[in-house]
2 protein chains.
Amino acid sequence: MEGGAGRDLECQKIMDGKASDRSAVEKGIPSCCLKAMASAPELEAKCHSTVVSGWFSESKSCSGISRYFNNPMWPGEAHSIKVEEILYKERSEYQEVLVFKSSTYGKVLVLDGIVQLTEKDECAYQEMIAHLPLCSIPSPKTVLVVGGGDGGVLREVSRHSSVEHIDICEIDKMVIDVSKKYFPELAVGFEDPRVHLHVGDAIEFLRQAPEGKYDAIIVDSSDPVGPAQELVEKPFFETIAKALKPGGVLCNMAESMWLHTHLIQDMISICQEIFKGSVHYAWASVPTYPSGVIGFLLCSTEGPPVDFVNPINPIEKVEGAIEHKRELRFYNSEMHSAALALPAFLKMELNLMRRLASMLKPFSD
Amino acid sequence: MEGGAGRDLECQKIMDGKASDRSAVEKGIPSCCLKAMASAPELEAKCHSTVVSGWFSESKSCSGISRYFNNPMWPGEAHSIKVEEILYKERSEYQEVLVFKSSTYGKVLVLDGIVQLTEKDECAYQEMIAHLPLCSIPSPKTVLVVGGGDGGVLREVSRHSSVEHIDICEIDKMVIDVSKKYFPELAVGFEDPRVHLHVGDAIEFLRQAPEGKYDAIIVDSSDPVGPAQELVEKPFFETIAKALKPGGVLCNMAESMWLHTHLIQDMISICQEIFKGSVHYAWASVPTYPSGVIGFLLCSTEGPPVDFVNPINPIEKVEGAIEHKRELRFYNSEMHSAALALPAFLKMELNLMRRLASMLKPFSD
């Protein structure tokens, strides 16, 4: 418990862009970062007969057999969601895609054994990742969504009447098709005429993008093991910064403050070098994510200053936004500001890092 | 999913003080509120061989046998924490008390199969439940803690140099003894000379308390099934209000906004009748509680107005508070204000309730 609530086990840094070969990274990934068995569920099934990462456990009860899908988190804990019916299970070119109907969370989307969303609590993640950046800048017009193949972020971005053009780059078409079939309340995002879908590698897409094209880029990626691995590395952030306008904003999924303070430190550190406007961390409650929270990295490029704490473009004042497609269920301006408040242990660790960085600066000049 | 993210299954109201007979209540408790098997772990063990509410599941892995303690939440999900070693397991007059060492959450205290605290994240709960009320009033002097036998709330209350007298009323001496042995970082709270321990029934204790004695009352109870059942009923809140000074404050543990919006509505409704100052709901992230959050009911009696949103007595300005015994790890003034921000689905449901109540009022006059 030393070092505060957020620091747990040692973790090798995988953020410097060098470890891009997947098998090499997996060898190098220490236990605290490895959602290992998620990528080899068959292996896990042979090893574990009951509570098993990324696989089902069956329990015989007085009333029959119950099946639980265990959401692998970090070693030492597992979150089990009771399965009523498996609806879909296939392997795409990139990952295993699973959809099941749960007893109390609605339908659940799982990629490589990790829960991506449930119908019950997706509102928190989708609404926060979209509106934290979009409500921080006046009148966003051009937006890029990286990942987000379920369509939920598109649904949210579409609430903004100022937006004229939405590019989405998702690598795995199976995710899109599965969402359209099983998650219509998210896939409705694809129906907006402002949406332009690109199926492929986001890094390549961004390299081709005109400099300074976007007001906002939202990186709705899965965890950085597997297809989304390169999406937490320095070159990717550099490409993003280049594609943003001056005073443009990035909002990037950024792990859990309880489990991976050090990964957050790494991301912030990299982004502070690249994004000359400002860099902030925010978080939200999402029950079905590890430790019940998810974080967001908010960055702005050099240009008109961006105040991420007090939304300059509050959703309550955007015409038609609250009721667009379906009512907002989680986000509001109060929750926006609240998301930027950080617990003492996290502030302390981030301050420590900032002081260390400034102490080392003279030696690197 | 109809009705928003917080509403799930129907739930019988058990808040009106009539259902005080335990077995009657258990019969009346619908499945969505019933942490049933937690009170009968032997029964559960016979029914479930693997993922079992309030009991252990064992999994054989390539590296041996792993044991997981499953924290029963609501039907349809379970949170498993890996057990390294069971340290203590006895039944008191009131409940089963279990302490185990976990792999990644430190030591864990479990009462009747429900996780009460872990070393890793107890800071969030203990700090918020104490400082949300105490930082909302100027110079608190006399404080009562109901429950809180682990000592954590006492540790936090003790940070306030203005406090002269702390009563604590805990029903179960075993909890206190176990905490002193296994959770010294919480039990340190008992060492403060301002603390006066009363082992017994809090309702009886409060009935005997002089009217208007306390500046603040903190109700750190376990869930309302078992020994803490009467602590969510109307008569108890009435007794609390009587024992508070004008402009005195109550902070009461208040469930999860994701799982029990209706229970929260009930508590607020009752408190609005009884506490003529103000009634607020706040929440905090606690990974090992069901859905990863816990709520707090904040109420003030008629008298000097209390602003729960903007702390009038910020902890950063209380001399010696931050470093008292051990550094604050979670709470700060930003997190205080942030805790009062409520997601859209909860605001909507609470507003709906308020409007309904005012519509019905003319008929009840």
Side-chain angles (χ1 to χ4, degrees), chain A residues 1 4-5 8-9 46-52 57-62 66 68 70 74-82 102-106 119-121 123-124 127 257-258 283 285-287 289 291-293 327-332 334-335 337-345 347-348, chain B residues 1 4-5 8-9 46-52 57-62 66 68 70 74-82 102-106 119-121 123-124 127 257-258 283 285-287 289 291-293 327-332 334-335 337-345 347-348:
Chain A
M1 298 305 114
D8 212 14
L9 305 162
K46 287 178 190 130
C47 286
H48 294 257
S49 60
T50 57
V51 177
V52 171
S57 58
E58 296 198 350
S59 71
K60 290 195 177 94
S61 75
C62 300
S66 297
Y68 286 79
N70 295 306
W74 308 105
E77 61 179 302
H79 189 198
S80 303
I81 304 175
K82 193 168 179 181
S102 72
S103 298
T104 51
Y105 278 87
E119 284 184 305
K120 182 176 169 74
D121 63 2
C123 58
E127 293 180 20
M257 61 189 185
W258 284 103
W283 65 278
S285 159
V286 184
Y289 285 161
S291 76
V293 299
E327 78 290 359
L328 267 179
R329 292 183 180 179
F330 190 86
Y331 176 93
N332 53 46
E334 285 175 16
M335 290 297 282
S337 302
L340 279 292
L342 305 182
F345 72 80
K347 284 187 91 163
M348 191 163 63
Chain B
M1 298 304 114
D8 212 18
L9 307 162
K46 286 177 190 130
C47 286
H48 295 256
S49 61
T50 57
V51 177
V52 170
S57 58
E58 295 198 351
S59 70
K60 293 199 177 88
S61 74
C62 300
S66 296
Y68 286 81
N70 297 308
W74 309 104
E77 62 179 303
H79 190 199
S80 303
I81 303 175
K82 193 168 179 180
S102 71
S103 298
T104 52
Y105 277 85
E119 283 184 309
K120 181 174 167 80
D121 63 2
C123 59
E127 293 179 20
M257 60 189 184
W258 283 105
W283 66 278
S285 159
V286 183
Y289 284 162
S291 75
V293 299
E327 78 289 359
L328 267 178
R329 292 184 180 178
F330 190 88
Y331 177 93
N332 52 47
E334 285 177 17
M335 291 296 282
S337 302
L340 280 292
L342 305 182
F345 71 82
K347 283 187 91 161
M348 193 161 63

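What's counted below: heavy atoms across the whole structure, side chains too, no hydrogens, waters or symmetry copies. Predicted model only: the values in this text are computed from it and were never measured. Protein chains get the first letters and strands the later ones, always in sequence-line order, with residue 1 at the start of each.
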What orientation do B:H79 and A:H79 show, parallel under 30°, tilted 30 to 60°, or perpendicular over 60°?
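Perpendicular.
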Measure up the B:F345 and A:F330 rings against each other and bin them: parallel (under 30°), tilted (30 to 60°), perpendicular (over 60°).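 Rings of B:F345 and A:F330: tilted, 30 to 60°.
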| message | Under a 3.5 Å distance rule, please check whether A:N332 uses its side chain to pair with a backbone N or O of B:A341 as donor and acceptor. | response |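 No.
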*Quick one: pull up CD in B:E327 and CE in A:M348 and give me the separation to the nearest 0.5 Å.*
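With rounding to 0.5 Å, CD (B:E327) is 5.0 Å from CE (A:M348).
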TODO: Check B:K120 against A:W258 and note the closest heavy-atom contact, atom names and distance.
DONE: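 Scanning both residues completely, I find the closest heavy atoms to be NZ-O, 3.0 Å.
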Q | Leading residue by heavy atom contact count with chain B [cutoff under 4.5 Å; candidates A:S285, A:S337, A:A338, A:A344] | A |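 Heavy-atom pair counts peak at A:A344.
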